[in-house]
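Reading through the structure tokens given below for one structure.
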Amino acid sequence: LLSPSPTPSKRARRATSPAGKKISPQTEGTPMRTRAKDAVVDEHADHPDQVTRRKLPKWYMAKDSVDFFLRPHTLLAMLITLACMYYFGVYQATVAEVDLDRADAMIRGAKWACVVFLIYCWTHLQDGAFVRPHPGMWRLVSGILILYLLFLTFLLFLSTEDARMILSHLENGVGKPLPFRDYGTDCRVFTPEKEHLFQNIYDTFWDEFVIAHLFGWIVKGIMFRDFYVLTVLSVLFEVMEYTFTHWLPNFNECWWDHWIIDVLVCNGLGMWIGLKLCDYFSMKSYDWTSPQSKPKTEGVLPGKLRQLGPKKFDSYNWGYFRTAKRFAAVTLMVMFVMLVELNAFFLKTVLYIPPPKTINIVRLAIWATAAIPAIREFYQYVTDPHMKVFGTSCWLMGFVGLTECLVVLRHGKGRFTAPFPTWVLCMWALIVVSWLSFFVYFFFIRRVLRKRRNSAKVHTPHPTNSKTRKRT
């Protein structure tokens, strides 16, 4: 029963499946590769031992894919994992118990528990929308995001001292009070008394946040792929820095640091590099404004290297000026991106995590990779009327982002008590009123006026010429 079946004839391909469903025309004429692990029991079969063949995913049949590496290999993964667990957990157990104390041994066991969970995610989680360069990679990303959510939940129910102690065991130098850093003390452009004529700009430009800004905006350019949305995100984050300067001292920057180094140099250069990479590799073009789609050609990667690029090059037509739902959805997405970026700074402040530490880099890497399928699922939810629920990655990212907010509220209780300045409240009142006014006018009042104008043109009689009426 488990041997490969011959290629079905035309009449057999037009037949129905054992469940009574017709075979889709897209799968007609495609020979099905069958394996023992692809055989599933048919609940409606006449005999309990009767099995039917489960059709492999479309991406598995790709001609430019390496067949061996696309298989799950669940049994092989289990045997390799058990061998590693035996070597590190049984064979080296005596040496590890002597060298490690109780806390380090518990952390070592927790790390291996995470490894086993990720192996399960790699082999058994459901595939998402992305399958390149390997579908297991995106299953692994989902597993890492789940572990991060569980770790945040664990920190939420600890005291602030215990949470900092746990982080200090993960990496040295974490959990100690951070030094005060203020970038807006001396905002002079020319400093003739110092070593360099532009010493303040030189010191700010070679800060670690500059490199983080540049790399982060390259990734955002690849994810959003629209210049206008990226510009809104860049400017809005600077507004967020002005808003929370009285709570986070490192947000206090000079004007040239905000608008020249950040917006024009780092963010602008990162956006340009990200968009150029999208054009070079012919990735999906996210058209957020125009109602017309832009077809893309196939990528430039030849042969087997195409496995490293996207499978399809479909264009995304967000069209947020088309309906009120899309405009509100894109606005919600922009605000969620701001929330995630602010969480990074608030978590560092309340849990005493220095910026150069590996914990911050790992968090940014998790968000950067998990956001790629999440944005694809969010687009599907917004544009597809048949999509009634969020995708798994999108739902999970929303859960993680809001859980980070809960961690900040839990461990930052009593820390952020300074009131907002009056000019900040007035600025945000102006932004909210402007957004609501545009939203109501553009999507409701403007359309009502257009309908009245069109109805008036239909009912207004056209004036006829008096000479033509007399001739008639």
Side-chain angles (χ1 to χ4, degrees), residues 24 26 55-60 70 72 117-118 120-153 219-226 229 233 278 283-288 293 309-320 322-341 343 363-405:
S24 61
Q26 296 178 356
K55 184 172 70 67
L56 296 176
K58 295 179 180 179
W59 53 262
Y60 183 81
L70 289 180
F117 176 76
L118 293 179
Y120 170 80
C121 295
W122 174 278
T123 56
H124 288 88
L125 279 188
Q126 185 179 5
D127 291 330
F130 289 2
V131 296
R132 294 291 183 89
H134 193 282
M137 191 199 76
W138 299 106
R139 296 194 293 265
L140 184 64
V141 169
S142 299
I144 294 174
L145 195 60
I146 294 173
L147 286 179
Y148 181 55
L149 175 61
L150 296 177
F151 182 69
L152 289 174
T153 307
V219 177
K220 289 178 184 177
I222 297 175
M223 288 191 298
F224 295 100
R225 303 164 201 174
D226 185 89
V229 173
L233 290 173
C278 293
M283 301 179 71
K284 296 179 181 178
S285 177
Y286 289 18
D287 191 357
W288 299 72
S293 60
K311 175 64 179 175
K312 297 173 62 178
F313 303 132
D314 301 333
S315 61
Y316 279 18
N317 181 16
W318 290 84
Y320 57 75
R322 184 179 300 177
T323 61
K325 176 185 176 181
R326 292 195 180 189
F327 186 81
V330 174
T331 303
L332 179 63
M333 183 184 62
V334 169
M335 297 309 299
F336 183 78
V337 173
M338 293 294 104
L339 177 67
V340 173
E341 292 187 351
N343 286 341
R363 178 190 174 274
L364 292 176
I366 292 174
W367 277 107
T369 53
I372 298 175
I375 292 176
R376 174 64 177 86
E377 293 177 354
F378 184 76
Y379 169 81
Q380 189 73 18
Y381 176 78
V382 172
T383 58
D384 190 356
H386 302 287
M387 199 74 170
K388 303 300 180 182
V389 295
F390 283 112
T392 304
S393 300
C394 186
W395 180 88
L396 194 58
M397 281 198 65
F399 201 170
V400 172
L402 296 178
T403 305
E404 285 184 344
C405 291

By side chain to side chain contact (heavy atoms under 4.5 Å, CB included), L364 pairs with (sequence neighbours left out) none

Partners meeting ring pair (Phe, Tyr, Trp, His ring centres under 6.0 Å) with F399 (sequence neighbours left out) | W395

Taken in chain and number order and not counting sequence neighbours, the residues that satisfy ring pair (Phe, Tyr, Trp, His ring centres under 6.0 Å) with F390 are Y381

Can you list the residues that meet the side-chain hydrogen bond (donor to acceptor under 3.5 Å, both in side chains) rule with W138, with sequence neighbours excluded?
-> none

Minimum heavy-atom separation for S142 to L125, with atom names?
-> CB-CD1, 4.1 Å

Going by heavy atoms in the side chains, are L233 and M338 under 4.5 Å from each other?
-> yes

Of all heavy-atom pairs linking L145 and M397, the shortest is CD2-CG, 3.9 Å

Mind listing the closest non-hydrogen atom pair of I366 and T369 along with its distance?
-> O-OG1, 3.2 Å

Heavy-atom pair of closest approach, residues C394 and E377 = N-OE1, 2.9 Å

Does the side chain of R139 come within less than 4.5 Å of T123's, by heavy atoms?
-> no

Gap between atom OG1 of T153 and atom OH of Y148 - 0.5 Å precision = 10.5 Å

Partner set under side chain to side chain contact (heavy atoms under 4.5 Å, CB included) for A368, not counting sequence neighbours = V219

Which heavy atom of L149 sits nearest a heavy atom of L396, and at what distance?
-> CD2-CD1, 3.9 Å

Please list all pairs passing the salt bridge (Lys or Arg N to Asp or Glu O under 4.0 Å) test where one or both residues lie in residues 385-404, with sequence neighbours left out.
-> R363-E404

Side chain to side chain contact (heavy atoms under 4.5 Å, CB included) against L339, all qualifying residues, sequence neighbours excluded = F336, N343, L402, C405

